[in-house]
Amino acid sequence: MAMRRGCARPACAEPATVTLSYGYGSATVWLEELTPEGHPMTHDLCERHAARTVAPRGWTLVDLRGTGTTVAKAMAEPVAS
Ligand SMILES: [Zn+2]
């Protein structure tokens, strides 16, 4: 079992339910259901902070929760631009 992880935001004690990652190549901010293992390039967030996430200017926010797709899969199949 993976260790229970908490929200990455300072002073937040909520359990993490969402993993946020940045796709620098495609200027995409990804939200997905909490990944089984933490990764140095991703941030684990609670539901509340995930909902507050906004993409930086010029970036697209893509929420994969509930789609059955993960960021790893989405990145492996880039959307035609
Ligand atoms: Zn939080």
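Ligands are counted one by one from 1 in listed order, and the atoms in each one are counted from 1 as well. The first residue of the sequence shown is numbered 1, and numbering continues consecutively from there. Just so we're clear, the structure is a prediction, and the values are computed from it rather than from any experiment.
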Checklist outcome for this item: Protein-derived N, O or S atoms lying less than 2.8 Å from the Zn ion (ligand 1), waters not counted, sum to 4
Checklist entry - Of all heavy-atom pairs between Val29 and Pro56, which one has the smallest distance, and what is that distance? => result CG2-CD, 3.6 Å
Item to check | Separation between OG1 of Thr53 and CG of Asp63, rounded to the nearest 0.5 Å | outcome: 9.5 Å
Checklist entry - Taking all non-hydrogen atoms of both residues, which atom of Cys7 and which atom of His49 are closest, and how far apart? => result SG-ND1, 3.4 Å
Item to check | Residues Leu20, Val18; criterion side-chain contact (heavy atoms from CB on, under 4.5 Å); working and verdict | outcome: CA-CA 6 Å; Leu20 174 146; Val18 180; 5.6 Å; no
Next on the checklist: Please check if the number of heavy atoms outside Arg65 that lie under 6.0 Å from its CZ is greater than 12.
Outcome noted: yes
Checklist entry - Taking atom types as modelled, is there a side-chain donor on Thr70 or Glu32 under 3.5 Å from an acceptor on the other? => result no
